[in-house]
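Here the structure is laid out as structure tokens; the discussion comes afterwards.
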Amino acid sequence: MSVKENFDKIQSEIASICDRIGRDPASINVVAVTKYVSNERAKEAIDAGVVHLGENRAEGLAMKQEDIQEQVSWHFIGSLQSKKVKKVAPHISYLHSLDRVSLAKELDKRLDRELACFVQVNVSKEESKAGLDIEEVDEFIQELEAYPSLKIIGLMTMAPFVNDPEETRPIFKALKKIQLDIQAKNYSHAPCTELSMGMSNDYQVAIEEGATFIRIGTSLVGNEKKEGN
Ligand SMILES: *Cc1c(COP(=O)(O)O)cnc(C)c1O
């Protein structure tokens, strides 16, 4: 299927889920994750109407940005090493993987404007996943007040890959709950109005549980690094 067909299908699915649960479809932002695909395929996504593009590595981001001149918002969704901050921070509008104070400090040093950040939470407690433990989130967000260029717009998580996406629901519910707890604190640097959750396998469930940014690679632009896509 073309990227356009995939995007249309995802859009109509978002519309029908939102209709069913009483959410505004405009509150859901689709981030096309282009890490597995060529610049051409990423451009097809833009032609199809995608306005958010996501990459998880500094090199991949640079490679896409060299070639893509269209006005889109760039998202960095992978673990960011402090030594790569200088290369990445000036070129993105959103960071989905803020997970330590040393990273916040380096970002704040390199930025001369505000950067929208998601604090990454390891809700599932998988060893292989980045992010803070649930119990650490509030204190971490309080510490971030010291870094004025960082605006904490929300929380991000990755659910484990499972065959039945329904199994991811408790993970997304838990992230929503943490978001409500943080919002109740009224931190001015951390309005925390957004939730970045849901990928190809589980975005429908994530939307039902309150996602406002869904990060979709395989189901939208495909995966040229894997056969059969
Ligand atoms: C790769 C990646 C995605 C997209 O994965 P798909 O399953 O291909 O949709 C989303 N979020 C993060 C953090 C990723 O690294």
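Order of listing sets the numbers, starting from 1, for every ligand and every atom in it.
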Who are the salt bridge (charged side-chain N to carboxylate O under 4.0 Å, His left out) partners of Lys176, not counting sequence neighbours?
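Checked Lys176 against salt bridge (charged side-chain N to carboxylate O under 4.0 Å, His left out); zero matches.
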Name all residues meeting the side-chain hydrogen bond (donor to acceptor under 3.5 Å, both in side chains) criterion together with Lys177; count only those two or more places apart in sequence or in a different chain, and write none if there are none.
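Checked Lys177 against side-chain hydrogen bond (donor to acceptor under 3.5 Å, both in side chains); matches are Asp181.
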Qualifying ring-ring contact (aromatic ring centres under 6.0 Å, His included) pairs, either residue in residues 157-203, two or more places apart
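Every ring-ring contact (aromatic ring centres under 6.0 Å, His included) pair that includes a residue of residues 157-203, provided the two are not neighbours, is Tyr187-His189.
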When you look for protein heavy atoms under 4.0 Å from ligand 1, which residues do they belong to?
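Ligand 1 pocket, heavy atoms under 4.0 Å: Val33, Lys35, Tyr36, Ile77, Met156, Met158, Met199, Ser200, Arg215, Ile216, Gly217, Thr218.
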Taking the side chain as every heavy atom from C-beta outward, state whether Ile182 and Ile141 have any pair of such atoms under 4.5 Å apart.
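With C-beta onward as the side chain, the pair touches.
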Is Asp67 salt-bridged to Lys43, cutoff N-O under 4.0 Å?
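Between Lys43 and Asp67 there is a salt bridge, with a charged N closer than 4.0 Å to a carboxylate O.
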Among Trp74, Phe76, Phe213, find the residue that satisfies the ring pair (Phe, Tyr, Trp, His ring centres under 6.0 Å) test when tested with Tyr94.
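Of Trp74, Phe76, Phe213, ring pair (Phe, Tyr, Trp, His ring centres under 6.0 Å) with Tyr94 is met by Phe213 alone.
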